[in-house]
Colleague: 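There's a structure below that I have some questions on.
Every chain is numbered from 1, with letters handed out A, B, ... down the list of sequences.
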Amino acid sequence: MSGSLFAPDDGPWIERLSVGAALLHGWACADDVRLLEAVDAVAAQAPLRAMATPRGQSMSVGTTSCGDWGWVSDRHGYRYSAVDPETGHPWPVMPDPLRALAQGAAAAAGFAGFDPDACLINCYLPGARMGLHQDKDERDFSAPIVSVSLGLLAEFLLGGLRRADKSARIALLHGDVLVWGGPDRLRYHGVRPVQAGSHPLLGARRINLTFRKAR
DNA sequence: TAGTCACG
DNA sequence: CGCA
């Protein structure tokens, strides 16, 4: 005998949260080193930076992107851009391990055929957070959102379709993948301030990868 | 309103 | 902590 009677210890397992949302526990754990190497390669070409909100305030997360489109924010608003505004260069190509992970996770959650053209990379140091918001800068909402967590624990907030709706608190651990789409595609969501800590692979940080179909 | 902060 |  080995392991707990109450928690699986032999690989990923899928928790269905609602009709269009699923939490894939530990889905990315087996590939974590490869994924982190890919993220580092992207960040070497398109450095993480704190973006400004349209009201001029600095976001607490460090952000970069890869793929055909990158999500950007400045005084002009939120939008997708084909080039990194910091360098004027196109975003780095989406590394194959990242694309494959997103496609596999989407399929496992019931969204076969997901073909992301944008991967937003957010780096959370302790204290960093993400306010409640909707992902609504994409052209159409038929494709799901695939969110991969690496490193420090995050307390994720999954709200409803209206800002005032109550949010559920979901613990996101290293390797967890959260997928939401269909009737849940426009759910408000956010991340509570990340608590201090240290992860064996990533140290004192959390990396989140968010895959979208922007166009 | 992908933000912060004051107030109860 | 929730609200404005």
Colleague: Is a side-chain donor-acceptor pair under 3.5 Å present for A:Arg212 with A:Tyr80?
Modeller: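 Judged by distance alone, the side chains do pair up.
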Colleague: Counting just side-chain N and O atoms, does A:Arg169 come under 4.0 Å of either OP1 or OP2 of C:dC1?
Modeller: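 Result: yes.
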Colleague: Rounded to the nearest angstrom, tell me the gap between atom CG in A:Leu132 and atom C1' in B:dG3.
Modeller: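 Rounded to whole Å, this separation is 13 Å.
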Colleague: Can A:Ser18 and A:Asp184 be counted as having a side-chain donor-acceptor contact under 3.5 angstrom?
Modeller: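 Looking only at side-chain atoms, A:Asp184 and A:Ser18 do form a donor-acceptor pair, the distance falling under 3.5 Å.
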Colleague: Pick base, sugar-phosphate or nothing for A:Thr53, based on heavy-atom distances below 4.0 Å to the nucleic acid.
Modeller: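 If one applies the 4.0 Å heavy-atom cut-off, A:Thr53 turns out to touch the sugar-phosphate alone, with no base involved.
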Colleague: Just call it for A:Asp137: base, sugar-phosphate, or nothing, with non-hydrogen atoms closer than 4.0 Å on any strand.
Modeller: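 Base contact - A:Asp137 has a heavy atom under 4.0 Å of at least one base atom.
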Colleague: Once you round it to whole Å, what is the distance between C1' of C:dG2 and OH of A:Tyr188?
Modeller: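 Rounded to whole Å, this separation is 17 Å.
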Colleague: Can you tell me the distance, in whole Å, between the CG atom of A:Asp74 and the P atom of B:dG3?
Modeller: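 It is 15 Å, rounded to the nearest whole Å.
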Colleague: Base, sugar-phosphate, or nothing: which does A:Tyr78 touch, judged by heavy atoms less than 4.0 Å apart?
Modeller: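 Touches a base.
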Colleague: Find the distance A:Leu158:CG to B:dA2:P and express it as a whole number of Å.
Modeller: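 Interatomic distance, CG of A:Leu158 to P of B:dA2: 16 Å.
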Colleague: Looking at B:dG8, which nucleotide sits across from it as a Watson-Crick or G-U wobble partner, both distances under 3.5 angstrom, or is there none?
Modeller: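 WC or wobble partner is C:dC1.
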Colleague: Rounded to the Å, how far apart are A:Gln57 CD and B:dG3 C1'?
Modeller: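 Nearest whole value for this atom pair: 4 Å.
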Colleague: Both distances below 3.5 Å, Watson-Crick or wobble geometry, any strand: find the nucleotide opposite B:dA2.
Modeller: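 Looking at the geometry, B:dA2 pairs with no nucleotide.
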Colleague: At less than 4.0 Å, is any side-chain N or O atom of A:Arg192 found next to OP1 or OP2 of C:dC1? Yes or no.
Modeller: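 For C:dC1, OP1 or OP2 has a side-chain N or O of A:Arg192 closer than 4.0 Å.
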Colleague: Test A:Glu155 against every option in A:Arg192, A:Arg129, A:Arg206 by the salt bridge (charged side-chain N to carboxylate O under 4.0 Å, His left out) rule and name the one that passes.
Modeller: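 Single salt bridge (charged side-chain N to carboxylate O under 4.0 Å, His left out) partner of A:Glu155 among A:Arg192, A:Arg129, A:Arg206: A:Arg192.
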Colleague: Do we get A:Arg215 above A:Trp69's six-membered ring, with its NZ or CZ under 6.0 Å from the centre and within 45° of the axis?
Modeller: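 Yes; both conditions hold, so A:Arg215 lies above the ring face of A:Trp69.
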